[in-house]
Amino acid sequence: GAGLVGLALVVDGFQDRGWIRTVRMWGPPLLGALVIFASAAPFLGANIGVIAWGTVAFGILWAQLNGHPITWKTVVLMLGVIGVIVVGFSIYEAVGGSGAQTHLGRAWESAGTGGIAELWTIVVRKAETNWRVLRATNWSILMIAILGFLGYMRWHPHGVFAETLKAYPAFAVAMTASLWGSLAGYFTEDSGIVIPALVMLYITGSLLHIMLSRLHRDESVAVSA
């Protein structure tokens with residue numbers, strides 16, 4: 001979330017500089033690779049779920065910052081990237097002999113001993129944990145309402161919200177990427193609703209900041225006039 005917002009605000013803040021084109025092109029894949037590597041590498045975070053939703057978020061950010069529509073080809077490309085990373089980390093674990101130490105290693109170990117059906121068992125277990133986390137507190141309902149509101153306002157903005165997104169187009173893209181990344185994270189992590197809550201924390205905080213900053217700037221101009 002912080003990476004998406006930070007990169008977007010850099011693009012918005014320096015949009016007239018010549019080097020921003022390079023940032024648009026290479027910023028999302030490089031920063032995305034760093035985030036995914038730090039989170040999912042077997043010898044670091046080892047959270048393989050980030051491979052999926054991190055790729056979705058930074059993939060959408062890259063595509064829309066560079067004027068590419070999200071099509072089925074984009075989806076296929078992101079799935080390919082996810083597959084390559086998973087295979088790469090799996091090979092590392094197999095060669096390194098540390099397969100049983102991470103979620104990914106244990107998943108392949110289970111598949112090796114119990115067959116492919118064991119992978120489905122893991123999926124079912126993660127889904128059950130996700131559902132349990134969702135029902136653990138009534139705050140989850142509020143989080144779902146917030147996500148729904150932000151999604152609606154992103155695709156049908158109006159008023160001050162629309163003016164803010166128009167003034168910060170890269171931030172608007174980061175908001176889109178965060179929403180879709182959060183959705184992917186919800187379905188790929190057993191912590192479920194916690195993932196969207198964490199990611200969107202940076203979006204909502206930054207959105208409040210830039211809206212108040214624009215309001216303060218407009219008030220200063222009015223007083224000067």
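Please read these numbers as outputs of a predicted model, since none were measured by experiment.
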>> Restricting to non-hydrogen atoms, name the atom on Pro42 and the atom on Tyr92 that form the minimum distance, rounded to 0.1 Å.
In response: CG-CD2, 3.8 Å
>> With a sphere of 6.0 Å drawn around NE2 of His209, does it hold more than 12 non-hydrogen atoms of other residues, nucleotides or ligands?
In response: no
> Would you call Glu189 and Val50 a side-chain contact if the rule is heavy atoms closer than 4.5 Å?
Replying inline: yes
> Which pair of heavy atoms, one from Ala184 and one from Val56, lies closest together, and at what distance?
Replying inline: CB-CG2, 4.2 Å
> Does Arg21 have any side-chain hydrogen bond (donor to acceptor under 3.5 Å, both in side chains) partners at least two apart in sequence or in another chain, and if so, which?
Replying inline: none
> Only one of Ile193, Leu183, Leu142 forms a side chain to side chain contact (heavy atoms under 4.5 Å, CB included) with Leu147, so which one is it?
Replying inline: Ile193
>> So Glu163 and Arg214, do their side chains get closer than 4.5 Å, heavy atoms only?
In response: yes
>> Taking the side chain as everything from C-beta on, heavy atoms only, tell me whether Leu9 gets closer than 4.5 Å to Phe171.
In response: yes
>> Checking Arg154 against Leu165 for the side-chain contact (heavy atoms from CB on, under 4.5 Å) test, could you report, in this order, the C-alpha distance in whole Å, the side-chain angles of both residues, the deciding distance, and whether it holds?
In response: CA-CA 8 Å; Arg154 174 62 190 95; Leu165 295 186; 4.1 Å; yes
> Can you tell me how far CE of Met200 sits from CG of Leu207, rounded to the nearest 0.5 angstrom?
Replying inline: 9.0 Å
> Is Ile146 reachable from Ile210 through a run of hydrophobic residues whose side-chain heavy atoms are each under 4.5 Å from the next?
Replying inline: yes
> According to a 4.5 Å side-chain heavy-atom criterion applied to Ile, Leu, Val, Met, Phe, Trp and Tyr, with indirect links allowed, do Phe37 and Leu31 form part of one hydrophobic cluster?
Replying inline: no
>> Within this structure, what is the CD1-CG distance for the pair Ile203 and Leu179, rounded to the nearest 0.5 Å?
In response: 7.5 Å
> Are side-chain heavy atoms of Trp53 and Val199 found at a separation under 4.5 Å?
Replying inline: yes
> Rounded to the nearest 0.5 Å, what separation is found between the CD1 atom of Ile70 and the CE atom of Met78?
Replying inline: 6.0 Å
>> Strictly distance-based, threshold 3.5 Å: is any side-chain N or O of Asn66 a donor or acceptor partner for the main-chain N or O of His68?
In response: no
> Do other residues, nucleotides or ligands put more than 12 heavy atoms under 6.0 Å from Trp139 CH2?
Replying inline: no
> Measuring from Thr55:OG1 to Ile82:CD1, what's the distance to the nearest 0.5 Å?
Replying inline: 4.5 Å
> Would you say Phe161 has more than 12 foreign heavy atoms packed within less than 6.0 Å of its CZ?
Replying inline: yes
>> On a heavy-atom basis, which atom in Leu44 and which in Ala38 lie closest, and how many Å separate them?
In response: CB-O, 3.6 Å
> Closest heavy-atom contact between Ser206 and Val5?
Replying inline: OG-CG1, 3.0 Å
> Which heavy-atom pair separates Leu61 from Leu7 by the least distance, and what is that distance?
Replying inline: CD2-CD2, 3.8 Å
> If we only count heavy atoms from C-beta on, is the Leu198 to Val194 side-chain gap below 4.5 Å?
Replying inline: yes
> Taking C-beta and beyond as the side chain, do Val86 and Ile48 meet within less than 4.5 Å on heavy atoms?
Replying inline: no
> Would you say the side chain of Pro169 lies within less than 4.5 Å of the side chain of Asp12, judging by non-hydrogen atoms?
Replying inline: yes
> Any chain of hydrophobic side-chain contacts (each under 4.5 Å) joining Tyr152 to Val173?
Replying inline: no
>> If you apply the rule side-chain contact (heavy atoms from CB on, under 4.5 Å), what do you find for Arg17 with Val23, and how did you get there?
In response: CA-CA 10 Å; Arg17 305 294 179 86; Val23 174; over 6 Å; no
> According to a 4.5 Å side-chain heavy-atom criterion applied to Ile, Leu, Val, Met, Phe, Trp and Tyr, with indirect links allowed, do Val84 and Val87 form part of one hydrophobic cluster?
Replying inline: no
>> Restricting to non-hydrogen atoms, name the atom on Ala177 and the atom on Ala57 that form the minimum distance, rounded to 0.1 Å.
In response: CB-O, 3.2 Å
> side-chain contact (heavy atoms from CB on, under 4.5 Å) between Val35 and Phe58: does it pass, once the steps are laid out?
Replying inline: CA-CA 10 Å; Val35 170; Phe58 283 97; 4.1 Å; yes
> How long is the span from the CH2 atom in Trp62 to the OG1 atom in Thr74, to the nearest 0.5 Å?
Replying inline: 8.0 Å
> Any side-chain heavy atom of Phe14 sitting closer than 4.5 Å to one from Trp19?
Replying inline: yes
>> Working to the nearest 0.5 angstrom, can you tell me the gap between His158 NE2 and Met153 CE?
In response: 4.0 Å
> Do Val76 and Val81 belong together in a cluster built from hydrophobic side chains that touch within less than 4.5 Å?
Replying inline: no
